[in-house]
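Before any comments, here is the structure.
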Amino acid sequence: MEPIHEIMEIRRKKMEDLKSLGIEPYPQIRDEFLTTEEIRKLYDGKEEDELQKTSPRARCAGRIVSMRDFGKSVFFHILDRKGKLQVYVRKDVIQSPPYEAFKKLDIGDIVGVEGTIFKTKTKELTLLANSVTLLSKSLRPLPEKWHGLRDVEERYRKRYVDLIVNEKVRNVFTKRSQIINFIRSYLNSKDFIEVETPMMHTIPGGADAKPFITHHNALDMDLYLRIAPELYLKRLVVGGLERVFEINRNFRNEGISVKHNPEFTMLEFYQAYASYEDHMVLLEDLISRILEQLTGESKILYKGNLIDFTRPWRRYTMEEALSIFGGFNLREVSDIKNLREKAIFLGIEEAKSMSKGKLITKIFEMLCEDKLIHPTFITHYPVDVSPLAKRSKENPEIVERFELYIGGMEIANGFNELNDPFDQKQRFIEQRENKKEEYPIDEDFIVALEYGMPPTAGCGVGIDRLVMILTDSPSIREVILFPLLRP
RNA sequence: GGGCCGUUAGCUCAGUCCGGUAGAGCAGCUGACUCUUAAUCAGUUGGCCGGAGGUUCGAAUCCUUCACGGCCCA
């Protein structure tokens, strides 16, 4: 027998012993429990004498995560969603179950405890148990109490164990929820409405990425998991939903890295009668408020760098950024031949087939991206990497667009939406000519624009990456509960 | 796709250079112990050393290959 099965066999035997003592290992319950946090709030501020005099009664539930056995008494900690509470069981105090039956419980078991609250001589708030009710028997051993579960692969594959054992991991996902919650209420308060647009598209669009392909049997046609919700959200603006947002998954059939997971969460919001400059201000405000709410600080540590969120955030045109962070003067090297040489020199593989704007953008990413640690807006993107953005009045080769960089990562991308159906059609055609994939043009989107879309600014925010920054997580897999792994 | 690193007990890790019968701590199990908190003390079980091939008298250790994962590059 494998050793793990020996351990499990011992636990199964204990479970049978408990059953024969009339204790059901997986009971139905209807009791209401306080959380460990509620118990702390009620009693942690009180003095030992006062607790001793009043002996307040309390009941809570959680998983046994540690245990110290003294023979005729036992200390253990239970863990619930709010934290830990110490429980003290004495042979001469416990009423249910009999002390001998209680001793059949293991670390990992889920129990309800009921008793009186006191403080130990080291002043730890503790529940002296009158009863310990088994709520669920655990049959597998938990990882070691001191080092926990470290193996990265095992942590992702058995995230449930990771969450039990690693408090930091619980905190990351609690924070993630708070961040998303905050974004929702922020946008709601600004009169945006939340919508849900299709996850399955008949034509992939709204971004430059390879889609996942799936198939609808009844209609016998291929569908594409969406790479971006953009074209649908803009249809809604045409429809008069002037302020919309969606927080949901995008799917991109591309490489996996510390910054990329095939499915990732994106916030997109669209606001009629606003400009991309308004949205830079909105992002500053939104993210500053999240930070305020989360930490109360304006600076946070990310991967050892102190990131300063003090407003206003830096703004550079792409040309300025190339010069300042890349030492690359775009005016001196402006013709496509020289740009191509530079790109090849930098090791950009597909430089030969790239357009001028694409070359500039790639060179920018190579030279500048990882230097943009503090929140920084980059503006003045080339038109040929921005097929959905409105051209600049001053220079038709440039679009009215920004990207926000924090911690060396692209966090957000926003622009004035192209609402000229003729220009949009032309850009779609040009875009398709430069690509290998033969996806049809989304003609219905053009039709929508022909009905008239108000001047609109739109913005996408990579939620996972934002959470990475705000939780000091070095990999996107640390902020996604179940990142993609081979089976 | 390429490079480097990793995979040893349920968990955390030694052992790999330089081949010679597989080690520790925690958890588990048996005892002792009614204010401990990495409790303590005494004893103790537990390994297809990721898989498959090879080299060798002999492989966790060297070689090949595969799988999974991590980081970097594309």
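Here the structure is a predicted model, which means the values were calculated and not measured. Note on naming: letters A, B, ... go to the chains in the order of the sequence lines (proteins, then strands), and numbering restarts at 1 for each one.
Put simply, NE2 on A:H147 is 17 Å from P on B:A24, counting in whole angstrom units. Rounded to an integer number of Å, the gap from NZ of A:K91 to P of B:U34 is 10 Å. Spacing between atom CD of A:E6 and atom C1' of B:G47 amounts to 11 Å, rounded to whole angstrom units. Rounded to whole angstrom, the span from the CG atom of A:L142 across to the P atom of B:A38 amounts to 18 Å. Across the protein-nucleic acid pair, A:R90 atom CZ and B:C35 atom C1' stand 9 Å apart, rounded to whole Å. One can place CD of A:E124 at 10 Å from P of B:A38, the figure rounded to the nearest angstrom. The interatomic distance linking A:I107 (CD1) with B:A38 (P) rounds to 13 Å, in whole Å. Between the P atom of B:U36 and the CG atom of A:L127 lies a distance of 18 Å, rounded to the nearest Å.
Spacing between B:G23 and B:C4 at atom C1', rounded to whole Å, works out to 29 Å. The P atoms of B:C68 and B:U30 are separated by 41 Å, rounded to the nearest whole Å. Remark: the separation of the P atoms in B:U7 and B:C17 is 14 Å, to the nearest Å. For the P atoms, the distance linking B:U61 with B:A22 amounts to 12 Å, nearest Å. B:U12 and B:A27 have their P atoms separated by 15 Å, given to the nearest Å. The gap from the C1' atom of B:C5 to that of B:U16 amounts to 14 Å, rounded to the nearest Å. On the P atoms, B:G47 is 26 Å away from B:U40, given to the nearest whole Å. Spacing between B:G28 and B:G69 at atom P, rounded to whole Å, works out to 32 Å.
Taking A:E16 as the reference, A:K19 meet the side chain to side chain contact (heavy atoms under 4.5 Å, CB included) condition, with sequence neighbours excluded. With sequence neighbours excluded, no residue satisfies side chain to side chain contact (heavy atoms under 4.5 Å, CB included) with A:E32. A:T361 pairs by the side chain to side chain donor-acceptor pair (under 3.5 Å) definition with nothing, not counting sequence neighbours. Scanning for side chain to side chain contact (heavy atoms under 4.5 Å, CB included) contacts around A:K175 gives A:Q178, A:L294, A:T471, with sequence neighbours left out. Residues meeting the side chain to side chain contact (heavy atoms under 4.5 Å, CB included) test with A:L291, sequence neighbours left out: A:T295, A:I300, A:F309, A:L470. A search for side chain to side chain donor-acceptor pair (under 3.5 Å) contacts involving A:E124 returns A:H77, not counting sequence neighbours.
Of all nucleotides present, none satisfies the Watson-Crick or G-U wobble test against B:G46 with each distance under 3.5 Å. With a 3.5 Å ceiling on both atom-pair distances, the Watson-Crick or G-U wobble partner of B:C4 is B:G70. In this structure, B:A22 forms no base pair with any nucleotide, since neither Watson-Crick nor G-U wobble geometry is met with both distances under 3.5 Å. B:U56 makes up no base pair with any nucleotide shown, lacking Watson-Crick or G-U wobble contacts both under 3.5 Å. Across all strands shown, B:A27 remains unpaired; no Watson-Crick or G-U wobble contact has both distances below 3.5 Å.
Nearest to the side-chain atoms of A:F118 among the listed nucleotides B:G10, B:C35, B:U36 stands B:C35. Nearest to the side chain of A:K145, among B:U36, B:C11, B:A38, sits B:A38. In the set B:G10, B:A74, B:C35, the nucleotide with an atom closest to the side chain of A:Y88 is B:C35. Which of B:G10, B:U36, B:C11 sits closest to the side chain of A:T126 comes down to B:U36. For A:S475, taking side-chain heavy atoms from C-beta onward, the closest of the listed nucleotides B:C71, B:U12, B:A38 is B:C71.
With hydrogens and angles ignored, the 3.5 Å screen pairs a side-chain donor or acceptor of A:N261 with a backbone N or O of A:E263.
Across all non-hydrogen atoms, the minimal contact from A:I183 to A:I247 is CG2-CD1, 4.1 Å.
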Restricting to nitrogen or oxygen on both sides, can you table the protein-nucleotides 29-31 of chain B pairs closer than 3.5 Å?
from	atom 1	to	atom 2	distance (Å)
B:C29	OP1	A:K14	NZ	2.6

Are any protein N/O atoms closer than 3.5 Å to N/O atoms in nucleotides 66-70 of chain B? If there are, list each pair with its distance.
from	atom 1	to	atom 2	distance (Å)
B:C68	O3'	A:R157	NH2	3.1
B:C68	O2'	A:E153	OE1	3.4
B:C68	O2'	A:E153	OE2	2.1
B:C68	O2'	A:R157	NH2	3.2
B:G69	OP1	A:R486	N	2.8
B:G69	OP2	A:R486	NE	3.0
B:G69	O4'	A:E153	OE1	3.0
B:G70	OP1	A:R477	NE	3.3
B:G70	OP1	A:R477	NH1	3.3

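When side chains are defined from C-beta on, A:K91 does not count as touching A:F102, because their heavy atoms never get closer than 4.5 Å.
Residue pairs meeting the salt bridge (charged side-chain N to carboxylate O under 4.0 Å, His left out) criterion with at least one member in residues 461-484 of chain A, sequence neighbours excluded: A:R155-A:E478, A:R176-A:D464.
Backbone-only engagement by A:R150 is indicated by non-hydrogen atom pairs under 4.0 Å involving sugar-phosphate atoms exclusively. The residue A:G255 sits apart from the nucleic acid: no heavy atom pair falls under 4.0 Å. Base engagement by A:D92 is indicated by at least one non-hydrogen atom pair under 4.0 Å involving a base atom. Here A:Y99 lies out of heavy-atom contact (under 4.0 Å) with every strand.
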Only distances under 3.5 Å count here; give the side-chain donor-acceptor pairs of residues 364-384 of chain A to other protein atoms, sequence neighbours excluded, each with its distance to 0.1 Å.
from	atom 1	to	atom 2	distance (Å)
A:K371	NZ	A:F325	O	3.0
A:K371	NZ	A:L367	O	3.1
A:H374	ND1	A:D308	N	2.9
A:T376	OG1	A:H374	O	2.7
A:Y381	OH	A:E403	OE1	3.1
A:D384	OD2	A:S355	OG	2.6
A:D384	OD2	A:G357	N	2.9

Result block: side-chain N/O donor-acceptor pairs under 3.5 angstrom for residues 39-49 of chain A, not counting sequence neighbours:
from	atom 1	to	atom 2	distance (Å)
A:R40	NH1	A:K84	O	2.7
A:R40	NH2	A:K82	O	3.2

List the steps, then state whether side chain to side chain contact (heavy atoms under 4.5 Å, CB included) holds for A:V89 with A:Y99. CA-CA 9 Å; A:V89 175; A:Y99 189 71; 3.9 Å; yes
Please test A:T36 against A:D80 for side chain to side chain donor-acceptor pair (under 3.5 Å), starting from the C-alpha separation and ending with a verdict. CA-CA 7 Å; A:T36 55; A:D80 71 3; 2.7 Å; yes
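Residues of residues 58-70 of chain A that place a heavy atom closer than 4.0 Å to RNA chain B, in numerical order, are A:R68, A:D69, A:F70.
Applying the 4.0 Å criterion to OP1 and OP2 of B:U36, one finds that A:K121 has a side-chain N or O inside that range.
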